[in-house]
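Written out below as structure tokens is the structure these notes cover.
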Amino acid sequence: MTAAVLPGSFDPPTYGHLSIIERASRLFDSIDVVVAVNPDKHYLFTAEERVSMMEYLLKDYKNISVHICKCLIVDYAKKIGAKVLLRGIRNINDFAYEFDLSMMNHTLNPEIDTLFVPSEQRYAIVKSSSIKELAQFGGDISGMVPPIVANALYKKFSK
């Protein structure tokens, strides 16, 4: 069985994330979508809220499960027996960052490889931080995130 891990903060989940996950789901027998928890990062949504949204959005995929990870992603992958980390990239800046990260992960565990999945062109500008800023000011984010995510964002900013 070919297993892969697709980590991310998913704060919030976007159509870009979902596109990459959908495409990857056709390539692997199983994918663990891993909601990362980094104590040095500030998240708008709790890990549990992000997991809940991702579980809802991915409920129709039989080969995808959603998990929280509070450890190094290579340690998580080793624990479940996955040999592949999947990383979405939108542009050359993403690639440079992800390439360096993949080298570090490979140093930590040479048995795990990273595969880059380029975003579809229509999602190349979809960025979680920009979506949060638009939502904060009541902007239209309907083309960037599913309705459940848009509603959660508007609710967070109406408090």
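The figures here come from the full heavy-atom set of this structure, side chains too, leaving out hydrogens, waters and symmetry mates. Predicted, not measured: the structure shown is a model, and the values here were computed from it. Counting from 1, the numbers follow the sequence of the chain as shown.
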At what distance, to the nearest 0.5 angstrom, does [atom1] of [X] lie from [atom2] of [Y]?
X      : Y      : atom1 : atom2 : result
Lys79  : His67  : NZ    : NE2   : 9.0 Å
Leu57  : Met53  : CG    : CE    : 8.0 Å
Leu153 : Leu134 : CG    : CG    : 10.0 Å
His106 : Leu101 : NE2   : CG    : 13.5 Å
Leu27  : Arg23  : CG    : CZ    : 8.5 Å
Asn109 : Leu72  : CG    : CG    : 10.5 Å

Does [X] come within less than 4.0 Å of [Y], counting only side-chain N to carboxylate O?
X      : Y     : value
Arg90  : Glu98 : no
Arg87  : Asp94 : no
Glu111 : Lys83 : yes

Indicate if [X] and [Y] have the same hydrophobic cluster label, given that clusters are the connected sets of ILVMFWY residues with side-chain heavy-atom separations under 4.5 angstrom.
X      : Y      : value
Tyr61  : Val51  : yes
Ile68  : Val66  : yes
Tyr56  : Val149 : yes
Phe116 : Ile73  : no
Ile131 : Phe157 : yes

Counting only heavy atoms not in [X], do more than 12 fall under 6.0 Å of its [atom1]?
X      : atom1 : result
Ile148 : CD1   : yes
Lys155 : NZ    : no
Tyr154 : OH    : yes
Phe99  : CZ    : no
Glu133 : CD    : no

Point to revise | Chi angles and distances behind the side chain to side chain contact (heavy atoms under 4.5 Å, CB included) call for Lys132, Lys156 | key: CA-CA 10 Å; Lys132 288 185 273 195; Lys156 282 277 186 187; over 6 Å; no
If you look at every heavy atom in [X] and [Y], which pair is closest and at what distance?
X      : Y      : answer
Val37  : Ala47  : CG2-CB, 3.7 Å
Ile89  : Ile20  : N-CD1, 4.5 Å
Arg50  : Ser9   : NH1-O, 2.8 Å
Phe45  : Pro12  : CE1-CB, 3.9 Å
Met144 : Asp140 : CE-O, 4.0 Å
Val34  : Phe10  : O-CE1, 3.5 Å

Point to revise | Tyr123 side chain to Thr14 backbone, donor-acceptor under 3.5 Å | key: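 A pair under 3.5 Å: no.
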Review point. Counting only N and O atoms by type, is there a donor-acceptor contact under 3.5 Å from the side chain of Asp113 to the main-chain atoms of Val84?
Key: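 It does not hold such a pair.
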Side chain to side chain, [X] and [Y], heavy atoms closer than 4.5 Å:
X      : Y      : answer
Ser102 : Asn105 : no
Pro13  : Val145 : no
Leu58  : Leu18  : yes
Leu6   : Leu85  : no

Exercise for review: Determine, stepwise, if the pair Ile64 / Ser30 fulfils side chain to side chain contact (heavy atoms under 4.5 Å, CB included).
Suggested key: CA-CA 6 Å; Ile64 295 177; Ser30 69; over 6 Å; no
Check your understanding: Do His17 and Ser19 have a side chain donor and acceptor closer than 3.5 Å?
Key ->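 No, Ser19 and His17 have no side-chain donor paired with an acceptor closer than 3.5 Å.
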Review point. Could you go step by step and tell me if Asp32 and Tyr76 meet the side-chain hydrogen bond (donor to acceptor under 3.5 Å, both in side chains) rule?
Key: CA-CA 10 Å; Asp32 277 28; Tyr76 178 90; 2.5 Å; yes
Review point. Should Asn63 and Phe28 be marked as a side chain to side chain contact (heavy atoms under 4.5 Å, CB included) after you check the CA-CA gap, both sets of side-chain angles, and the distance that decides it?
Key: CA-CA 8 Å; Asn63 63 332; Phe28 294 91; 5.6 Å; no
Check your understanding: How far apart are the C-alpha atoms of Leu86 and Ile21, what are their side-chain angles, what is the distance that settles it, and do they pass the side chain to side chain contact (heavy atoms under 4.5 Å, CB included) test?
Key -> CA-CA 9 Å; Leu86 299 170; Ile21 293 167; over 6 Å; no
Practice item. From the options Val33, Ile80, Ile31, Thr114, select the one residue that forms a side chain to side chain contact (heavy atoms under 4.5 Å, CB included) with Val5. Key: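 Single pass found, and it is Ile80.
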